Amino acid sequence: MIRGILVFNNHGKPRLSKFYTYYTEDMQQQIIRETFHLISKRADTVCNFLEGGTLVGGSDAKLIYRHYATLYFVFCVDSSESELGILDLIQVFVETLDRCFENVCELDLIFHMDKVHHILDEIVMGGMVLETNMGDILASIEAQQKMEKQDQTQKTVIQNPHRGRY
């Protein structure tokens, strides 16, 4: 099971944090700090898996991460998850973000947090992987955007019922 998903920049500023196991807010902040310190000190040439810190779950937990440009994408998982499967899932998440934002960057994660969470919810829900097919994920996101545009159009018509009828 996936216990949490973290995205932070090279300076340790969290840009996305989603926990599927309950932790208090103070504990979540400590987990983010500990995870950043564990991962940021590692060389780029070493493997992308490491045992979870003491806060995340001890010996049963693993941290699986990828470093892209200025962002670290980290999945905190238990021992039942496949490391290579999670690395592939991180790749799907990043490529989906890249397609939705056309060359995703850190600012996209900051200013479009709701859309990023929606994309993540299409991939992982409740700590379980829902979808790994990027085409299906993108189709679902496009359908959601289409419904939002229709909703905005209907709100405009309701607010201005006589517009364009003269």
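Computed from a predicted structure; not experimentally measured. Numbering starts at 1 and runs along the sequence shown.
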TODO: Please report the shortest heavy-atom distance between Arg42 and Cys47, naming the atom on each side.
DONE: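 That closest heavy-atom pairing would be NH2-O, 2.6 Å.
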
Task: For the student: nearest non-hydrogen atoms of Tyr65 and Tyr72, plus distance - done: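 Where Tyr65 meets Tyr72 most closely, the heavy atoms are CD1-CD2, 4.4 Å.
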
Is there a donor-acceptor contact under 3.5 Å from the side chain of [X] to the main chain of [Y]?
X	Y	answer
Asp78	Met1	yes
Glu122	Ile137	no
Ser140	Asp136	no
Asn9	Leu71	no

Task: Glu102, CD atom: more than 12 neighbouring heavy atoms under 6.0 Å - done: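 Not more than 12 within 6.0 Å, no.
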
Open item on the list: With a sphere of 6.0 Å drawn around CG of Asn103, does it hold more than 12 non-hydrogen atoms of other residues, nucleotides or ligands?
Closed with: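 Not more than 12 within 6.0 Å, no.
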
Task: Reference residue Val116; test side chain to side chain contact (heavy atoms under 4.5 Å, CB included); the match among Thr96, Leu16, Asp108 - done: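 Result: among Thr96, Leu16, Asp108, Leu16 is the only option passing the side chain to side chain contact (heavy atoms under 4.5 Å, CB included) with Val116.
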
Task: Given Phe73, Phe75, Phe19, the one that forms side chain to side chain contact (heavy atoms under 4.5 Å, CB included) with Ile5 - done: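 Only one option passes, and that is Phe75.
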
Any chance you could measure [X], atom [atom1], to [Y], atom [atom2], to the nearest 0.5 Å?
X	Y	atom1	atom2	answer
Met113	Leu120	CE	CG	10.5 Å
Tyr23	Cys76	OH	SG	7.5 Å
His118	Cys100	NE2	SG	8.5 Å

Could you check whether [X] pairs with [Y] (Lys NZ or Arg NE/NH1/NH2 to Asp/Glu carboxylate O, under 4.0 Å)?
X	Y	value
Glu81	Lys62	no
Arg66	Asp88	no
Asp121	Lys18	yes

TODO: Determine whether the side chains of Asn10 and His67 contain a donor N or O and an acceptor N or O closer than 3.5 Å.
DONE: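 Side-chain D/A pair, Asn10 to His67: present.
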
